[in-house]
There are 2 protein chains.
Amino acid sequence: MPTDTTSARAPSGPRSLEHPDRADIRLAEVLHALADPMRLRIVRALAAAEGELNCADIELPVSKSTCTHHFRVLREHGVIRQLYRGTAKMNGLRREDLEELFPGLIDGVLRAADLQAGRLGEE
Amino acid sequence: MPTDTTSARAPSGPRSLEHPDRADIRLAEVLHALADPMRLRIVRALAAAEGELNCADIELPVSKSTCTHHFRVLREHGVIRQLYRGTAKMNGLRREDLEELFPGLIDGVLRAADLQAGRLGEE
DNA sequence: GCAGTCATACGATAAGTGTCGTACTACGGT
DNA sequence: ACCGTAGTACGACACTTATCGTATGACTGC
């Protein structure tokens, strides 16, 4: 499906990213996307900075290509939204969509992640 | 380690299962355990039947060995508790432990699963 | 004690995942 | 027009996973 240049890609802009429609987001996939420490970090960072963040704003102990990979997983499973803004790519949580689909889920996960980080960080 | 008959197995009873301590349960692992449609089904069934369920009580479209595999994943990641009761094995959600660790998380996931099942089941 | 039932163990397999490095593309500024 | 920066694509790799089938072990009841 990456060869379809009509529907998924933005009209004129050369760089555009595919995002699943809200109705296509599946719980198991969202959980899968969140079930990785690195991606959990990313999501926490995005939630903390309520606006949008550059990829490089989140310090991760992995290479750039791995970072790209994780962001893509999050985007393709409907957890974040990405769009280009000049040379950078801004990332934001899809809070509204997720809240509509699975009320309370994201907040629960974020809260759990905070709790665990507190427990593990100051032991 | 399956050859070690002294440590892993309970003192007298021949059949005993290892469960992680509550403090050893990790959010990413719980999410991973839940991030599979088959396991999500299992967890929903266990939550619905508030008591304990036999493995065979949950109809799954997979072989018995695969079923065992999924139950083990859930147990090893701290989502369910299993114990032998005669020839059967009873399974129950570790609601208390999970609620203590990650308040609201399991309920959020279960609610999300119900919502999605409703959406997908009666379309 | 023997057979039946429930579940496990083990091996196999195919597919998926996280990670990396290198090569490449897109954009913005000089 | 060129260079630097931000991010992607691609191939490689080791590891994990979901699945199965068959063989094995544990308990119940006859």
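Since we're looking at a predicted model, the values are computed, not measured. Protein chains get the first letters and strands the later ones, always in sequence-line order, with residue 1 at the start of each. Every heavy atom of this structure was used, including side-chain atoms; hydrogens, water molecules and symmetry mates were not.
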A:Leu17 CG to D:dA6 P, in whole Å, measures 18 Å
A:Arg81 side chain vs A:Gly78 backbone, donor-acceptor pair below 3.5 Å = no
Nearest-angstrom distance from the residue atom CG of B:Leu83 to P of D:dA26 = 17 Å
Please state how far atom CG in A:Asp57 lies from atom P in D:dG7, giving the value in whole angstrom units.
-> 8 Å
Does the side chain of B:Ile25 come within less than 4.5 Å of B:Arg94's, by heavy atoms?
-> yes
Starting from P on D:dG7, measure out to CE on A:Met90 and report it in whole angstrom.
-> 9 Å
May I ask you to decide if B:Arg111's main-chain N or O and B:Asp114's side chain share a donor-acceptor pair within less than 3.5 Å?
-> no
Do you know the tightest heavy-atom contact between A:Asn91 and A:Leu46?
-> O-CD2, 3.5 Å
Measure the distance from CZ on B:Arg41 to P on D:dA18 and round it to the nearest whole Å.
-> 15 Å
Where protein sits on nucleotides 14-20 of chain C, one letter per nucleotide: B base, S sugar-phosphate only, - none, heavy atoms under 4.0 Å = ---SSBB
Nearest-Å distance, CG (B:Leu34) to C1' (D:dA18)?
-> 17 Å
Do B:Asp107 and B:Arg95 meet the salt-bridge criterion of a basic N to acidic O distance under 4.0 Å?
-> yes
Please give, in whole Å, the distance from C:dA7 P to B:Phe71 CZ?
-> 8 Å
Interatomic distance where CG belongs to A:Asn54 and P belongs to C:dC27 [whole Å] = 16 Å
Which residue pairs pass the salt bridge (charged side-chain N to carboxylate O under 4.0 Å, His left out) test with at least one member in residues 60-78 of chain B, sequence neighbours excluded?
-> none
